[in-house]
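Report on one structure; see the data block that follows.
We count ligands from 1, going down the list as the structure has it; atoms in each ligand are counted the same way. Any value given below was found using the heavy atoms of this structure, including those in side chains, with hydrogens, waters and symmetry copies removed.
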Amino acid sequence: MATPGVGAACLAPSAAAAPRRPSYARPRLHLVRRRCVAELSREGPVSRPLHSPAQQLAPPVVPGFLAPPTPLPTVPDAGVGDLGPELQFQGIEEDSVDRTVVIASEQDSEIIDAKEQFPAKVTRSIVFVTGEAAPYAKSGGLGDVCGSLPIALAARGHRVMVVMPRYLNGSSDKNYAKAFYTGKHIKVPCFGGSHEVTFFHEYRDSVDWVFVDHPSYHRPGSLYGDNFGAFGDNQFRYTLLCYAACEAPLILELGGYIYGQNCMFVVNDWHASLVPVLLASKYRPYGVYRDSRSTLVIHNLAHQGVEPASTYPDLGLPPEWYGALEWVFPEWARRHALDKGEAVNFLKGAVVTADRIVTVSQGYSWEVTTAEGGQGLNELLSSRKSVLNGIVNGIDINDWNPTSDKCLPYHYSIDDLSGKAKCKAELQKELGLPVRADVPLIGFIGRLDYQKGIDLIKMAIPDLMREDVQFVMLGSGDPIFEGWMRSTESSYKDKFRGWVGFSVPVSHRITAGCDILLMPSRFEPCGLNQLYAMQYGTIPVVHATGGLRDTVETFNPFGKKGEEGTGWAFSPLTVDKMLWALRIATSTYREHKPSWEGLMKRGMSKDHTWDHAAEQYEQIFEWAFVDQPYVM
Ligand SMILES: Nc1ncnc2c1ncn2[C@@H]1O[C@H](COP(=O)(O)OP(=O)(O)O[C@H]2O[C@H](CO)[C@@H](O)[C@H](O)[C@H]2O)[C@@H](O)[C@H]1O
């Protein structure tokens, strides 16, 4: 809790000295807090910063994994003076905000505004760690979420940093044009060497976007691989990211001030999963980050970052922490009689060390605890049920809004849907399909992957193409399915289009121009395309699984208040059942126009913004800070 006396003492001189950030409309509460921190730091001895990389990354002596903590070494005096007061200032509670207002005479009006403007009761320093974030780099839904949730949290008053790689592959380089070298670099001791990474920074939408730079992020191809498959050094690339993310809050003075040690790390999927392991094994034993917490967000359990056990020494972790990452494949998954199935698993490391675990829908948070949906981690995840929650993703309403979408030839809204019919005609024209308003246009957008049920679509196409429908698919991934899309297009010239590739503008045009969006996913942690579809008045037909079941309500013409529902969620996942759902949808489109319009409008009127989800994340963070760190 802030002490008014201390705050008052520090604010006065620093207010004049502190540099102003170019656009400081949002974090004025933080401005007060950061000034206090900086000034107090000057009072203490700062000759040897606690965050010196050499000190942080030195091999510590720690007890075995999850063993009861032994008394920690005394925290070096250098950092204590700085960090004590900062910790007091982190997490300003509502009543302390009032006191802050009292002490900040110079800025009174701004801060009072800020208090009214920002809904968060307790503001925190939040550090997202991710392999991708739109618009800088995106390969799928992870990029969407990490590009928009941080902004939503910042808008609620938190200080938010996103740490991700600076991918330079020729096509994405321009996305980093506004990110500048911070002058900071660290040497990461792993993989048999000392690897220098540098930090770039852009302040946008009230979020500090931090890009970790290393030659391994500069190569042609997609983010994680190229035509020959996944990059062989991905484990190395994301180990670097995790080390860098742990150092960033300690060494980067963003807007003049570091984030400090009292952070909530939000680690997304396996790429970031080493972060909680590092906090527990390499920082807390030195008294650093003892007041930080971590939340693992699972977007997709299918990718866990599993590599041979022999790579463990490369990670730079203490040998006694092997158990945190240890992974043994079941016998049936081993390659030969001498294969012991021993591996290291990054995601498992986070499951057993993070303070909280979030999946991207409630349905999925249950599925991951079952043998069918747990991808081998179900028992471990079940053991952490008390800290496991599901929060349905939101969507970026600035990007995905039919009233203003820059990728669309026409705009429309719930009150005037005429633009949607024009978008459909334009899309048919663009694809070279017959321009017909009466024929239902079905779309699919997504990775061509087993998860997305492409094989079911492939099996259903001969039957579906006998009907009077049009079908457009946009996707890339498995070369077999890419080839199949091309050959199907030549077989059904008047009805089928397969767009092989990754194109965000085309995905917007398909979402707006289609009548129906098909998602026969085998499993779907949340799914964003069905949310985009509903926002655009396009009716989702989905397999009732995970987040799809949570977000799509099957049409019911005889509901209590009349017609209900926003689409069709079918189950079980069979070709027949999928065709059955599509036939009901297409006949409703043709024969029951008022019902169809009702479906469109109910979908469009749903609140898919991040506001609600951001509030739920805040709650999770609060719970995490109430508890002791799960691993000290
Ligand atoms: N060829 C292409 N061209 C252009 N855009 C394309 C594209 N292929 C896919 N996209 C876009 O990528 C995103 C895919 O998001 P999803 O949520 O459907 O799936 P994904 O499996 O990647 O994400 C994982 O993480 C997200 C986020 O948590 C979860 O919703 C999801 O269930 C989980 O599997 C959408 O924005 C989509 O439009």
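- Using a 4.0 Å cut-off between charged side-chain N and carboxylate O, R522 and D449 make no salt bridge.
- D515 is not listed as a side-chain neighbour of T538, based on a closest heavy-atom distance of 4.5 Å or more.
- Looking at ligand 1, you'll find an N or O of G527 within less than 3.5 Å of one of its N or O atoms.
- Between G501 and ligand 1, a contact under 3.5 Å exists for at least one N or O pair.
- Between Y136 and F211, the gap from one ring centroid to the other is short of 6.0 Å.
- Comment: E426 engages K429 in a salt bridge, judged by a side-chain N to carboxylate O separation of less than 4.0 angstrom.
- One finds the CD1 atom of I510 at 12.5 Å from the SG atom of C423 (value rounded to the nearest 0.5 Å).
- Looking from atom 19 (O) of ligand 1 to the surrounding protein, the closest heavy atom is K452 NZ, 3.1 Å.
- Taking every non-hydrogen atom of N300 and a distance limit under 4.0 Å, the qualifying atoms of ligand 1 come out as 34 (O).
- Salt bridge R356/E622: absent, no basic N to carboxylate O contact under 4.0 Å.
- The shortest contact between atom 38 (O) of ligand 1 and any protein heavy atom is with N529 OD1, 3.0 Å.
- Taking the six-membered ring for Trp, H271 and Y224 have ring centres closer than 6.0 Å.
- G547 does not count as a contact of ligand 1, since none of its heavy atoms falls under 4.0 Å from the ligand.
- Set against the non-hydrogen atoms of V145, the atoms of ligand 1 under 4.0 Å away are 27 (C), 28 (O).
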Trace of the side-chain contact (heavy atoms from CB on, under 4.5 Å) decision for S521 with H543: CA-CA 6 Å; S521 304; H543 173 217; 5.5 Å; no

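- Residue P525 approaches ligand 1 through these ligand atoms, each under 4.0 Å from one of its heavy atoms: 32 (O), 33 (C), 34 (O).
- The protein heavy-atom contact nearest to atom 22 (O) of ligand 1 is G141 N, 2.9 Å.
- Each of D233, D173, D226 was scored for a salt bridge (Lys or Arg N to Asp or Glu O under 4.0 Å) with R219, with one residue passing: D233.
- Any N or O atom pair closer than 3.5 Å counts here, and R447 shares at least one such pair with ligand 1.
- For atom 6 (C) of ligand 1, the closest non-hydrogen atom on the protein side is F502 CE1, 3.4 Å.
- For atom 28 (O) of ligand 1, the choice among H299, H508, E132, Q451 with the nearest heavy atom turns out to be H299.
- Atoms of ligand 1 lying under 4.0 Å from any heavy atom of K138, numbered from 1 in the order shown and given with element: 11 (C), 12 (O), 36 (O).
- Taking a cut-off of under 4.0 Å to the non-hydrogen atoms of V360, the atoms of ligand 1 that pass are 28 (O).
- The shortest distance between side-chain heavy atoms of S125 and H158 does not fall below 4.5 Å.
- Scanning all protein heavy atoms for the shortest distance to atom 9 (C) of ligand 1 gives G446 CA, 3.7 Å.
- Two rings, from F570 and W580, have their centers 6.0 Å or more apart.
- Among protein heavy atoms, the minimum distance from atom 36 (O) of ligand 1 is reached at D144 OD2, 2.5 Å.
- At under 3.5 Å, not a single nitrogen or oxygen of M519, backbone or side chain, sits near a nitrogen or oxygen of ligand 1.
- Here L528 has heavy atoms under 4.0 Å from ligand 1 in both its backbone and its side chain.
- For the atom pair K406 NZ and N398 CG, the distance stands at 9.0 Å (nearest 0.5 Å).
- The closest heavy-atom contact to atom 3 (N) of ligand 1, among the options C526, S503, G147, G140, comes from S503.
- Of the heavy atoms in N393, only side-chain atoms (C-beta onward) come closer than 4.0 Å to ligand 1.
- Scanning the protein for heavy atoms near atom 31 (C) of ligand 1, the closest one is E524 OE2, 3.2 Å.
- Centroid-to-centroid, the aromatic rings of W400 and H508 come within less than 6.0 Å.
- Heavy atoms of Y532 come nearer than 4.0 angstrom to ligand 1 in at least one pair.
- Residue contacts with ligand 1: V504 is placed with no nitrogen or oxygen under 3.5 Å of a nitrogen or oxygen of the ligand (distance criterion only).
- Aromatic ring centres of H612 and Y617 lie farther apart than the 6.0 Å criterion allows.
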